[in-house]
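Report on one structure; see the data block that follows.
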Amino acid sequence: MRDEAAVKLMHVVGARPNFMKVAPVMAAVDAWNAAPPGDVRFEQILVHTGQHYDAAMSQVFLDELRMPEPQEHLGVGSGTQAAQMARLLERLEPVVQRHAPDLVVVPGDVNSTCAAAFVASRLGVAVAHLESGLRSGDRSMPEEINRIIVDHVADLLLTTCQDADLNLMREGLPAERVVRVGNTMMDSLFCLLPKAKDGAGVAKSRLGLTGKPFVLVTIHRPSNVDDPERLQDVLAVLMELAQQITVVFPMHLRTRDRVARLRTEGGAADGAFVVCAPLGYLEFVGLMSEAAAVLTDSGGVQEETTALGVPCVTLRTTTERPITVTLGTNELVDPSDAGAIVAAVRAAAARGRPATPPAIPLWDGHASDRVVKALAAWARRR
Ligand code: UDP
C-alpha cells in the first residue's frame with residue numbers, strides 16, 4: 001500500500017553503465033527507510049527502459065548488483081538515435097504519469113537519462129541528475145548533448161567532483177541546485193571488489209589467461225567503431241599489441257555488430273588475442289583489477305581503473321573525467337595514431353601501478369549515503 005507521506009522516487013535505468021551507479025543508491029534509500037534519521041521517508045520504484053536488452057548488458061547487472069526487479073520494463077530496444085529517443089519519450093510519459101513520482105532520479109548520460117529528464121520536467125516532475133556536470137567539450141558525442149540537456153532541466157545536480165561543479169557554474173546553473181556527493185560507481189566497485197577478485201581466477205581460466213600478463217580492452221564509442229576504416233585500424237592496433245602481451249577484448253554488442261568476421265569466444269590457445277562476449281560486472285572488475293593495463297573508450301572504466309590504480313589508456317582526445325588524468329592513472333591517446341596507442345599501452349603495462357591507488361576526494365564508497373541525504377534535504381525544501 002502506498003505510504004502517502006513518503007517521498008516517491010522513480011529511478012530510471014536503461015543501459016549498462018547505469019546499473020552500477022543506481023544500485024548503491026537504491027540500497028542506501030532502503031537503509032535510510034529502515035531507520036529514518038528524521039522526518040523524511042522514501043518510496044522508490046525502478047523503471048528499466050530496455051535501451052540495453054541483451055542479458056549480458058542488462059540482467060546480469062541487476063542480479064550481480066542485487067537490484068530489485070524493475071516495476072516497469074519499457075523494451076525500447078535499439079535503433080537510430082532519433083527512433084530510440086522517440087520510443088523512449090513515448091513510453092516514459094505514461095509511466096511517469098501513472099506513478100506520479102515526486103522526483104525522477106536519472107544517472108549518467110545515456111539516451112534513457114536524457115529522455116526521462118525531458119519527460120519528467122515537461123510533466124512538472126522534479127529531476128535529480130546523478131553524475132551531473134561532467135563535460136568533455138566535444139559536442140559530437142551523443143553523451144555530451146545528453147549531459148547538457150539533463151543538467152539544464154534538472155532540479156538537483158549531484159556531482160562526483162569539483163570540476164563538475166565548476167562546469168555547472170560556468171553554464172550559469174544556480175549553486176543551490178548543486179550538491180557534490182562523490183561517485184556512486186565507486187560504492188559498487190568497493191563493495192563488490194573482494195567478491196570480484198575471488199572470482200577472477202575462474203574468469204581467467206575460462207578465457208585461457210592463467211599466469212599471463214594481459215591488457216583488458218573495451219571499445220564501443222561510435223567515434224571508434226562506426227567508421228569501418230577506424231575500426232579496422234583499432235583492430236590492427238590490438239593485433240600488434242597481441243604480439244607482445246595477451247589482449248582480452250570483451251566485445252560490446254555495438255562493437256560486435258560492426259566486426260563481421262572476427263572469431264568469437266575461446267581461449268588464448270591459437271594466439272594472444274582473446275575476443276569474448278561482454279562480461280558480467282564481477283568478472284570484468286575481477287579481470288580489470290589484475291590487468292597489466294586497460295585500453296578503453298568507456299567513461300566508467302576510466303574512473304574504475306583510477307580507483308584501482310590500474311594504468312589506463314583512453315582512446316579519445318577528450319575526456320569528461322579529467323580528474324582521472326590529473327590525479328589518476330589515465331592517459332588520453334589520439335585514436336587515429338596507431339603508433340602512439342601501441343607505445344602508450346606498452347609503456348603503461350611496463351610502468352605498473354602506483355604503490356597505493358590514487359585517492360580521489362569523495363570517491364570513498366559512501367557517495368550513496370550522501371545522495372540520500374541530498375534527496376532528503378531536497379524533500380524538506382520543496
Ligand atoms: N563493464 C562490464 N563488463 C564489460 C565491460 C564493462 O561490467 O564487459 C562495466 C564496467 O566495469 C563499468 C561499466 O560497465 O562499470 C561501464 O559501462 P560502459 O563502458 O558500457 O559505459 P560508459 O561508462 O562508457 O558510459
Side-chain angles (χ1 to χ4, degrees), residues 17 81 108-109 134-148 161 163-164 167 213-252 254-259 262 272-273 275 288 291-354 358 360:
Q81 292 273 337
D109 54 20
L134 298 186
R135 297 289 184 270
S136 65
D138 177 0
R139 286 195 178 212
S140 70
M141 288 180 73
E143 295 88 348
E144 181 79 350
I145 305 296
N146 289 342
R147 293 179 197 117
I148 294 168
C161 54
D163 56 79
N167 291 333
F214 61 90
V215 173
L216 184 62
V217 177
T218 63
I219 296 172
H220 61 274
R221 294 259 97 77
S223 57
N224 283 329
V225 303
D226 281 4
D227 170 13
E229 251 172 60
R230 169 61 64 81
L231 181 58
Q232 202 113 44
D233 291 348
V234 168
L235 294 172
V237 162
L238 298 181
M239 296 294 192
E240 191 176 340
L241 281 170
Q243 308 286 319
Q244 287 194 358
I245 188 166
T246 298
V247 171
V248 189
F249 190 1
M251 214 178 262
H252 192 284
R254 194 157 202 296
T255 314
R256 199 184 63 191
D257 285 348
R258 286 160 176 76
V259 178
L262 208 69
F273 188 17
V275 178
M288 187 164 47
V294 169
L295 175 63
T296 193
D297 60 10
S298 157
V301 171
Q302 293 174 61
E303 295 184 340
E304 290 168 339
T305 45
T306 276
L308 296 173
V310 177
C312 179
V313 175
T314 296
L315 219 46
R316 288 175 47 189
T317 51
T318 59
T319 179
E320 62 291 337
R321 292 159 160 93
I323 205 165
T324 61
V325 176
T326 52
L327 298 183
T329 53
N330 190 21
E331 179 188 346
L332 305 183
V333 180
D334 183 344
S336 65
D337 189 342
I341 302 166
V342 172
V345 174
R346 286 189 179 145
R351 188 165 62 242
R353 301 170 182 215
I360 310 287

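All residue numbers refer to positions in the sequence shown, counting from 1.
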Does any part of the side chain of [Y], heavy atoms only, come nearer than 4.5 Å to the side chain of [X], both counted from C-beta?
X: D109; Y: L134; answer: no
X: R230; Y: V234; answer: yes
X: P311; Y: T305; answer: no
X: E304; Y: C312; answer: no
X: T319; Y: L332; answer: yes
X: R353; Y: T329; answer: no
X: D163; Y: R135; answer: no
X: L238; Y: L295; answer: yes

Quick one: pull up [atom1] in [X] and [atom2] in [Y] and give me the separation to the nearest 0.5 Å.
X: I148; Y: R139; atom1: CD1; atom2: CZ; answer: 4.0 Å
X: I219; Y: H252; atom1: CD1; atom2: NE2; answer: 12.0 Å
X: S136; Y: E143; atom1: OG; atom2: CD; answer: 8.5 Å
X: D138; Y: T317; atom1: CG; atom2: OG1; answer: 6.5 Å
X: Q302; Y: R321; atom1: CD; atom2: CZ; answer: 6.5 Å
X: L216; Y: T246; atom1: CG; atom2: OG1; answer: 12.0 Å

Taking all atoms of both residues into account, what is the closest heavy-atom pair of [X] and [Y], and its distance?
X: A291; Y: V310; result: O-CG1, 3.8 Å
X: P354; Y: G309; result: CD-O, 3.3 Å
X: A349; Y: I245; result: CB-CD1, 4.3 Å
X: P335; Y: N224; result: CB-OD1, 3.4 Å
X: G328; Y: T306; result: CA-OG1, 3.5 Å
X: V333; Y: A344; result: CG2-CB, 3.7 Å

Sidechain-backbone polar pair: T326 side chain, P322 backbone, donor-acceptor under 3.5 Å: yes
What residues form a side-chain contact (heavy atoms from CB on, under 4.5 Å) with S223, not counting sequence neighbours? R221
Salt bridge between R316 and D297, side-chain N to carboxylate O under 4.0 Å? no
Do you know which of N330, V217, T218 makes side-chain contact (heavy atoms from CB on, under 4.5 Å) with V301? T218
